[in-house]
Amino acid sequence: MDIKIICRIFLLACLAVLFTAPTASAQDKVQPQLAILPFTFNGPGDLGYLKEGVRTMLASRIAARTEVLVIGQAEREKIIADKVGSDPGTVAQTLGADFVLTGSITALGASVSIDARLKTIATNDSASFFGVAENQSGVIGAVDQLALDIAANISAEASKVRSSNQATIAPQPSAVAIPVIVPGQSLPTAGPGLGVSAVSSTIPPLTASRSQFLDMEVQVMAVGDVFGDGEEVLVLAEKQKIFFYRQEGNRLVAAGVITDGPKFARVVALNLADLNGNGRAEVYVSASSGNGPSSYVVEWDGSSFIRLFDRQRWYVRPIELPGQGMVLAGQQADSERPARAGIYRMVNKDGKLQKGEEIVVPEEVNLYDFVMADFTGDGQTEIAVQTQQSELQLYNRDGDVIWRGSGKYGYTQRFIGEASGVVSDHPVNLQILTRLVARDLDRDGQSELIAMKNPGGLSSSFNTKSSFTGGSINVMHWNGVTFEEQWSSGEIGSYLATFQINDAGSWLYLGLLSKKSGLLFGSYQSVVTGFALLGKVN
């Protein structure tokens with residue numbers, strides 16, 4: 001696109017948000033206020049319009065996503081006229097601001113990067129944010145995501161200040177209360193990212209984070225303490241490689257990689273569990289080669305990843321069995337079908353898997369289709385299932401269906417068996433659906449069910465990633481008759497390849513996949529987005 005056209009489009013967008021952006025005077029302060037100082041610009045003169053355009057768009061987008069009031073244009077000009085400078089403390093004192101945002105824009109070649117820093121005056125805390133666009137046409141999307149991240153931080157900091165003020169007036173008990181998730185509460189979306197909801201004063205804000213772009217095509221993801229140091233890491237798998245990342249703020253920092261998986265085998269499932277009890281989670285990888293499994297497990301030994309078993313002809317997955325804790329389950333391939341009926345507890349004998357007792361589940365259920373927990377609150381274990389038709393069902397321990405859902409859930413492009421997009425009575429493939437997760441998020445003794453809901457109208461006949469945009473992650477609670485939605489991520493503007501919740505149930509992670517702009521084949525990028533599901537009420 002011609003640079004002049006891009007400039008005109010961008011300026012029009014800026015003018016639109018300028019006239020709709022809310023402002024507040026310093027004398028009428030009933031809500032927290034944000035001052036956004038002029039950004040510095042490093043780059044060619046013909047792109048200087050970005051300096052004010054980015055600031056204006058950030059102002060409107062942040063104001064739309066938080067309770068903060070953005071201090072208006074007149075006050076900003078007064079700062080410059082009075083030569084107050086850019087010191088956040090001085091700016092805040094002059095204008096009565098609670099937050100001060102400063103930043104810089106750098107245009108290098110075709111790419112544009114944006115650095116921002118938010119100062120919270122009451123706590124003296126600072127947070128840094130970074131966004132990048134591959135070209136000028138991607139700047140608006142980068143600003144959208146920056147606004148989401150900054151708004152999330154403002155909401156969290158404002159909550160801290162409110163809690164501190166309340167504690168000063170009336171000290172609260174020292175016990176920590178875990179909030180319930182408000183039924184129907186959802187987070188609005190903005191472009192490919194995830195939004196931040198407005199939440200009541202009794203519930204901590206649901207903050208969101210978003211990593212940098214990763215040059216990989218994420219298939220599956222897990223989270224856990226792999227290195228035995230008490231720190232959770234994110235484990236992401238491509239079709240063959242496994243990547244390990246530590247989290248530093250919104251950025252993911254590489255901590256290891258496994259590149260020597262079975263040749264010609266595609267990773268279809270990834271799970272973490274410390275089944276040997278040594279304080280380090282093993283990485284259980286199910287891979288499919290041709291029409292059969294080739295699975296392996298690795299563990300960190302303090303200096304490198306070692307194989308505990310390799311190229312086993314079982315699909316594997318750690319699951320929690322009532323009264324037995326976490327065990328390794330397995331399912332075999334079949335000569336005529338992708339998977340043979342029957343799921344078994346597996347035993348690792350000198351690097352080879354041996355079949356143990358059968359795990360009682362409905363006959364039509366496959367290894368990756370179900371999760372066990374007490375969903376109804378009756379003290380008994382139920383089995384929640386995603387069928388190959390992408391429908392949710394709930395079974396009791398006797399194998400009776402006690403509930404069927406009407407939505408479409410869990411469908412992805414992962415499969416075992418022959419490549420086919422059609423599900424039939426005699427399938428040539430078996431879809432590997434996104435995981436079901438059971439967590440007692442509100443600590444009431446009754447597990448919530450977390451699942452990925454597919455875009456409206458999606459069926460198994462779709463076979464392009466663009467067909468999968470618009471899905472959401474839903475948290476559902478059994479009300480005695482049915483599962484009702486308690487929380488939703490809102491629609492995701494990218495292909496949602498995978499998700500996981502950490503063991504504490506405090507963070508939800510989503511693996512999003514998108515193709516690099518301007519490229520027809522290959523070259524996918526991935527982003528990990530996180531939601532803080534729970535928090536403390538002081």
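Residue indices begin at 1 and follow the sequence shown.
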Side chain T434, main chain A497, donor-acceptor under 3.5 Å
no

Min side-chain heavy-atom separation I473-I450 under 4.5 Å
yes

Only pairs at least two apart or in different chains count here, so list each salt bridge (charged side-chain N to carboxylate O under 4.0 Å, His left out) that has a residue in residues 221-233.
D229-R246, E231-R246

Would you check if there is a donor-acceptor pair between the side chains of T529 and R210 at a distance under 3.5 Å?
no

Looking only at heavy atoms, which two atoms of L441 and G505 are closest? And how far apart?
CD2-O, 3.3 Å

For R317 and V371 the tightest heavy-atom approach is NH2-CA, 4.3 Å

So which heavy atom on F39 is nearest to which on T102, and how close?
CE1-C, 4.0 Å

Here the gap from M57 atom CE to I62 atom CD1, rounded to the nearest 0.5 Å, amounts to 11.5 Å

Taking every non-hydrogen atom, the tightest pair across L270 and A237
CD2-CB, 4.2 Å

Within-4.5 Å side-chain heavy-atom neighbours: L101 and R117:
no

Side chain to side chain donor-acceptor pair (under 3.5 Å) with S303: which residues, sequence neighbours excluded?
D301

A59 versus V70, closest heavy-atom pair with distance:
O-CG2, 3.5 Å

Could you please spell out the steps behind the side-chain contact (heavy atoms from CB on, under 4.5 Å) verdict for L392 and M476?
CA-CA 12 Å; L392 286 182; M476 293 168 282; 3.8 Å; yes

Just how far is it from atom OH of Y524 to atom CZ of F213, taken to the nearest 0.5 Å?
14.5 Å

Donor-acceptor under 3.5 Å (Q212 side chain, L252 main chain)
yes

Would you give the length of the straight line joining atom CD of E238 to atom CG of L214, rounded to the nearest 0.5 angstrom?
9.5 Å

Between M452 and L496, is any pair of side-chain heavy atoms under 4.5 Å apart?
yes

Strictly distance-based, threshold 3.5 Å: is any side-chain N or O of S472 a donor or acceptor partner for the main-chain N or O of N474?
no

Would you please name every residue forming a side chain to side chain donor-acceptor pair (under 3.5 Å) with T40, sequence neighbours left out?
none

Give a yes-or-no answer on whether the side chains of N502 and S506 include a donor-acceptor pair shorter than 3.5 Å.
yes

Euclidean distance, R439 CZ relative to L508 CG, rounded to 0.5 Å:
10.5 Å

Using modelled atom types only, decide if a donor and an acceptor are shared between the side chain of D98 and the backbone of Q33 within a distance under 3.5 Å.
yes

Run the numbers on Q247 and Y245 for side-chain contact (heavy atoms from CB on, under 4.5 Å), then give the verdict.
CA-CA 6 Å; Q247 302 172 73; Y245 293 97; over 6 Å; no

Strictly below 4.0 Å, N to O, side chains only: are R280 and D274 in salt-bridge contact?
no

Would you indicate whether the side-chain heavy atoms of V527 and V218 approach each other to under 4.5 Å?
no

Under the ring-ring contact (aromatic ring centres under 6.0 Å, His included) test, residues paired with F244 that sit two or more places apart:
F305

Please identify each residue that fulfils salt bridge (charged side-chain N to carboxylate O under 4.0 Å, His left out) with D125, with sequence neighbours left out.
none

Checking E157 now: which residues fulfil side chain to side chain donor-acceptor pair (under 3.5 Å) with it, not counting sequence neighbours?
T123, K160

To the nearest 0.5 Å, tell me how far I432 CD1 sits from Q219 CD.
12.0 Å

Can you check whether R61 reaches D144 side chain to side chain, under 4.5 Å on heavy atoms?
yes

Student check: side-chain heavy atoms of D149 and N250 closer than 4.5 Å:
yes

Is there a side-chain contact (heavy atoms from CB on, under 4.5 Å) between F130 and I114? Walk through the geometry before answering.
CA-CA 6 Å; F130 176 76; I114 307 170; over 6 Å; no

Are any side-chain N or O atoms of S526 and backbone N or O atoms of M216, one a donor and one an acceptor, separated by less than 3.5 Å?
yes

Nearest heavy-atom neighbours spanning V267 and R414:
O-CD, 4.5 Å

Do Q240 and T259 have side chains that approach each other closer than 4.5 Å (heavy atoms only, starting at C-beta)?
no

Spacing of Y409 atom OH and L449 atom CG [to the nearest 0.5 Å]:
8.5 Å

Taking the side chain as every heavy atom from C-beta outward, state whether Y284 and L272 have any pair of such atoms under 4.5 Å apart.
no

Working note: V139 + L50, criterion side-chain contact (heavy atoms from CB on, under 4.5 Å); need CA distance, chi angles, decisive distance, verdict.
CA-CA 9 Å; V139 170; L50 290 172; 4.2 Å; yes

Test S286 against Y368 for side chain to side chain donor-acceptor pair (under 3.5 Å), laying out the working first.
CA-CA 11 Å; S286 283; Y368 305 107; 2.6 Å; yes

Can you tell me if Y509 and T498 form a side-chain donor-acceptor pair at under 3.5 Å?
no

